[in-house]
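We use all heavy atoms of the structure for the numbers below, so side chains are in, but hydrogens, waters and symmetry mates are not.
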Amino acid sequence: EMLLEINEQPAMPDRLYNHYAGALLALRDRIANEPTLIWNFRNEASRMSLSYVHFRRLFKQVTTWSPGAFLLECRLRRAEKLLMSTHMRIGEIAQECRFNDEFHFSRIFKKHASISPSLFRSRYGLQ
């Protein structure tokens, strides 16, 4: 009976979620504003006195993205902007957006946008 009563009680708000939500949203904004920095999420977790696993879980609860996936999305968006607004070579954009090399960047970009960076530029970029 007691277990049934406990199970039927309304869920309590997660205090940890509320405590860290502001810091995690601020971190999300910093990543979005500076995706080309070298981000160390283990250090970010440590600064918040969280284990890395718990940090990842809370980051995903707050943002719906894992930290690494969010960083990748921000870097790809930056690459899209550069492709549309500059005449930088694809390799330079890859380097600017912190991808290992042009081929790795092209493969990831094509998976993300469903077209290659070159085709993306020709469709949406400077002519």
Please check if the number of heavy atoms outside [X] that lie under 6.0 Å from its [atom1] is greater than 12.
X     : atom1 : answer
Arg30 : CZ    : yes
Gln95 : CD    : no
Tyr52 : OH    : yes

Note to self: Is there a path of hydrophobic side-chain contacts, each under 4.5 Å between heavy atoms of I/L/V/M/F/W/Y residues, joining Leu25 to Trp39?
What the structure shows: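 Trp39 clusters together with Leu25.
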**Asked** Is it the case that one hydrophobic cluster holds both Tyr124 and Phe105, taking links as side-chain heavy atoms less than 4.5 Å apart, direct or via other members?
**Response**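 Cluster IDs for Tyr124 and Phe105 match.
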Side chains of [X] and [Y], heavy atoms from C-beta outward: is any pair under 4.5 Å?
X      : Y      : value
Thr86  : Glu92  : no
Phe99  : Leu72  : yes
Lys110 : Leu119 : no
Pro117 : Ser106 : yes
Phe59  : Ile31  : yes

Query raised in the report: Charged N to carboxylate O under 4.0 angstrom, Arg47 versus Glu44?
Result: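 Looking at Arg47 and Glu44, the cut-off is met.
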**Request:** Answer yes when Arg89 and Glu102 have at least one side-chain N-carboxylate O distance shorter than 4.0 Å, and no when they do not.
**Result:**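 A salt bridge is absent here (no side-chain N lies under 4.0 Å from a carboxylate O).
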Quick one: do Glu96 and Leu82 satisfy side-chain contact (heavy atoms from CB on, under 4.5 Å)? Show the steps, please.
-> CA-CA 9 Å; Glu96 168 73 20; Leu82 292 172; 3.6 Å; yes
Rounded to the nearest 0.5 Å, what separates atom [atom1] in [X] from atom [atom2] in [Y]?
X      : Y      : atom1 : atom2 : value
Ser49  : His54  : OG    : NE2   : 11.5 Å
Arg75  : Ile108 : CZ    : CD1   : 12.0 Å
His112 : Leu76  : NE2   : CG    : 5.0 Å
Arg77  : Cys97  : CZ    : SG    : 13.0 Å
Glu73  : Ser66  : CD    : OG    : 11.0 Å
Thr36  : Arg78  : OG1   : CZ    : 6.0 Å

* Can you name the nearest heavy-atom pair linking Phe55 to Ala45, along with the distance? ->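 Reported closest heavy-atom pair: CB-CB, 3.4 Å.
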Criterion side-chain contact (heavy atoms from CB on, under 4.5 Å) on Met48 and Leu27, from CA distance to verdict
CA-CA 11 Å; Met48 293 181 190; Leu27 175 60; 4.2 Å; yes
*Relative to the ring of Phe120, is the ring of Phe109 parallel (under 30°), tilted (30 to 60°) or perpendicular (over 60°)?*
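Judged by the thresholds at 30° and 60°, the geometry between Phe109 and Phe120 is perpendicular.
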Exercise for the section: Report the C-alpha distance between Arg121 and Ile93 in whole Å, list the side-chain angles of each, state the deciding distance to 0.1 Å, and finish with yes or no for side-chain contact (heavy atoms from CB on, under 4.5 Å). Expected result: CA-CA 12 Å; Arg121 172 176 270 163; Ile93 291 173; 3.4 Å; yes
